[in-house]
Novice: 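Just dropping this structure here.
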Amino acid sequence: MQTSLRLSALSSLSSLLLLTSSVMAADVAQITLENGAQVRLKDDFTWEYVITETKAAPNALAATAVSTSSNIASVPSVALATQTVAAPITTLTATAIAQPELLGSTAKDGIKVSFAEGQWKGDKLGLSFDLASTSNEHVTLVEVEASFFADNGTLLKTEKLEVWEAIFRMPETYLRKGEQRKSSVIWVEGIDKAQWQKQLINLKITEINSR
């Protein structure tokens, strides 16, 4: 009986811990700095710049041909204009476009990732990143979510990139406390070079693994 109660209690505790770990930090306030940039404060004592806004796309009118069958020959088709609602558009704020330095860096748990440079090979875009660590952990993997924005601020593409990956059983490839390292070149497809002259890219760390 006591064993059964212990197992039940452990099960309930595990479920509670899992639920707690899955809760995302909530926004508690949004403030505007002297330079015009807006900052979102969260309840886990972190903050982030507000760099995007969602705009409603203009409604599109699509002409749909509707034909009716009849015993009478040569009945003309009737074109009806139907209104379709397009998905909202994500764009950078005016402040973010004017101050692109707000976009290219991100930090989490003592790991900082910054966009260093881009290069082109045909239609492929090669990205390099600078990494720095103040963490006590030996980091083996850093993954970021990179959002690419056109020169006019419109979101082009979002893609997850592994900007740091250590080699198995090679400790010298770990990212350690106090180190500053440069990533290898990471190649991305699907970015229009003509629309990405300002190199507007926003980064967010999504995963950090360590030993």
Side-chain angles (χ1 to χ4, degrees), residues 17-31 33 37-54 90-93 95-97 99-119 125-150 153 155-168 170-191 196 198-211:
L17 290 174
L18 181 60
L19 178 62
T20 302
S21 64
S22 65
V23 176
M24 302 295 291
D27 299 341
V28 295
Q30 186 167 309
I31 62 175
L33 305 181
Q38 291 187 321
V39 171
R40 184 182 294 117
L41 306 180
K42 296 181 174 294
D43 63 0
D44 63 350
F45 304 103
T46 61
W47 60 273
E48 62 183 14
Y49 285 112
V50 179
I51 55 96
T52 62
E53 57 187 359
T54 302
T90 299
T91 65
L92 290 175
T93 63
T95 302
I97 295 176
Q99 302 180 53
E101 63 273 11
L102 302 180
L103 307 177
S105 294
T106 183
K108 181 180 180 181
D109 297 339
I111 304 300
K112 182 179 181 181
V113 180
S114 301
F115 171 59
E117 59 183 349
Q119 58 181 289
L125 171 61
L127 305 170
S128 298
F129 299 90
D130 293 326
L131 296 98
S133 174
T134 58
S135 171
N136 292 323
E137 303 290 338
H138 298 161
V139 175
T140 58
L141 174 72
V142 180
E143 179 187 79
V144 302
E145 182 180 82
S147 297
F148 301 84
F149 293 87
L155 178 64
L156 294 173
K157 183 179 183 181
T158 297
E159 186 168 336
K160 288 187 176 181
L161 308 173
E162 291 184 356
V163 296
W164 189 262
E165 184 176 14
I167 301 174
F168 183 63
M170 292 185 64
E172 64 271 20
T173 66
Y174 300 164
L175 179 62
R176 302 175 185 272
K177 184 176 182 178
E179 288 186 337
Q180 294 184 355
R181 308 284 287 268
K182 196 178 189 68
S183 75
S184 58
V185 179
I186 302 172
W187 295 97
V188 177
E189 298 185 23
I191 305 298
W196 206 68
K198 295 181 181 179
Q199 298 189 340
L200 300 175
I201 180 173
N202 185 49
L203 304 175
K204 181 180 181 181
I205 295 176
T206 54
E207 184 176 354
I208 297 175
N209 292 342
S210 58
R211 292 182 62 87

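FYI, side chains are in, hydrogens and waters are out, and symmetry mates aren't considered; it's all heavy atoms of this structure.
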Novice: Please report the C-alpha distance between L161 and L127 in whole Å, then the side-chain angles of each, then the deciding distance to 0.1 Å, and finally whether the side-chain contact (heavy atoms from CB on, under 4.5 Å) criterion is met.
Specialist: CA-CA 10 Å; L161 308 173; L127 305 170; 3.9 Å; yes

Novice: Write down the atom of L102, the atom of Y49, and the distance for their closest heavy-atom approach.
Specialist: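 The pair with the smallest heavy-atom distance is CD2-CZ, 3.6 Å.
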
Novice: Under the side-chain hydrogen bond (donor to acceptor under 3.5 Å, both in side chains) rule, collect the residues that match up with Q119, sequence neighbours excluded.
Specialist: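 With sequence neighbours excluded, Q119 shows a side-chain hydrogen bond (donor to acceptor under 3.5 Å, both in side chains) to no residue whatsoever.
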
Novice: Once rounded to the nearest 0.5 Å, what's the spacing between atom CG of L92 and atom CG of N202?
Specialist: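 Rounded to the nearest 0.5 Å, the CG-CG separation comes to 7.5 Å.
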
Novice: Could you report the tightest heavy-atom contact between E189 and E159, atom names first, then the distance?
Specialist: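 Heavy atoms only, the tightest pair is O-OE1, 4.5 Å.
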
Novice: With E101, which residues qualify under salt bridge (Lys or Arg N to Asp or Glu O under 4.0 Å), at least two apart?
Specialist: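 E101 satisfies salt bridge (Lys or Arg N to Asp or Glu O under 4.0 Å) with no other residue.
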
Novice: Is there a donor-acceptor pair closer than 3.5 Å between any side-chain N or O of S210 and the backbone N or O of H138?
Specialist: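 No; zero donor-acceptor contacts below 3.5 Å.
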
Novice: Any chance you could measure E165, atom CD, to L175, atom CG, to the nearest 0.5 Å?
Specialist: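 Those atoms lie 13.5 Å apart.
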
Novice: Can you list every salt bridge (Lys or Arg N to Asp or Glu O under 4.0 Å) pair that touches residues 174-188, not counting sequence neighbours?
Specialist: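 Passing the test, one end in residues 174-188: D130-K182, E179-R181.
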
Novice: Grab the two heavy atoms, one from A166 and one from Y174, that are nearest each other, plus how far apart they are.
Specialist: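 For A166 and Y174, the tightest heavy-atom pair comes out as CB-CD2, 3.5 Å.
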
Novice: Working to the nearest 0.5 angstrom, can you tell me the gap between E48 CD and K42 NZ?
Specialist: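 Those atoms lie 4.5 Å apart.
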
Novice: How many angstroms lie between OG1 in T90 and CG in L156, if you round to the nearest 0.5 Å?
Specialist: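 If I round to the nearest 0.5 Å, the distance is 11.5 Å.
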
Novice: Of all the heavy-atom pairs spanning L131 and F129, show the shortest one and how long it is.
Specialist: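 Taking every non-hydrogen atom into account, CD1-O, 3.9 Å.
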
Novice: Working to the nearest 0.5 Å, report the span between OG of S128 and CD1 of I186.
Specialist: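 Interatomic distance, S128 OG to I186 CD1, rounded to 0.5 Å: 8.0 Å.
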
Novice: Could you go through E53 and T91, starting from their C-alpha distance and side-chain angles, then the distance that decides it, and tell me whether this counts as side-chain contact (heavy atoms from CB on, under 4.5 Å)?
Specialist: CA-CA 6 Å; E53 57 187 359; T91 65; 3.6 Å; yes

Novice: List the steps and the verdict of side-chain contact (heavy atoms from CB on, under 4.5 Å) for E137 and R211.
Specialist: CA-CA 7 Å; E137 303 290 338; R211 292 182 62 87; over 6 Å; no

Novice: What donor-acceptor contacts under 3.5 angstrom involve side-chain atoms of residues 139-149, with partners at least two apart or in another chain?
Specialist:
residue: T140; atom: OG1; partner: N209; partner atom: O; Å: 3.3
residue: E143; atom: OE1; partner: T206; partner atom: OG1; Å: 2.8
residue: S147; atom: OG; partner: T158; partner atom: OG1; Å: 3.2

Novice: Using side-chain contact (heavy atoms from CB on, under 4.5 Å) as the criterion, list what pairs up with I31, not counting sequence neighbours.
Specialist: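 If we apply the side-chain contact (heavy atoms from CB on, under 4.5 Å) test to I31, skipping adjacent residues, the hits are L33, V39.
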
Novice: Pair up each side-chain donor or acceptor in residues 103-117 with any protein partner under 3.5 Å, not counting sequence neighbours, and list the distances.
Specialist:
residue: S105; atom: OG; partner: S114; partner atom: OG; Å: 2.9

Novice: How about I191 and K157: do any of their side-chain heavy atoms sit closer than 4.5 Å?
Specialist: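 Yes, close enough: below the 4.5 Å cut-off.
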
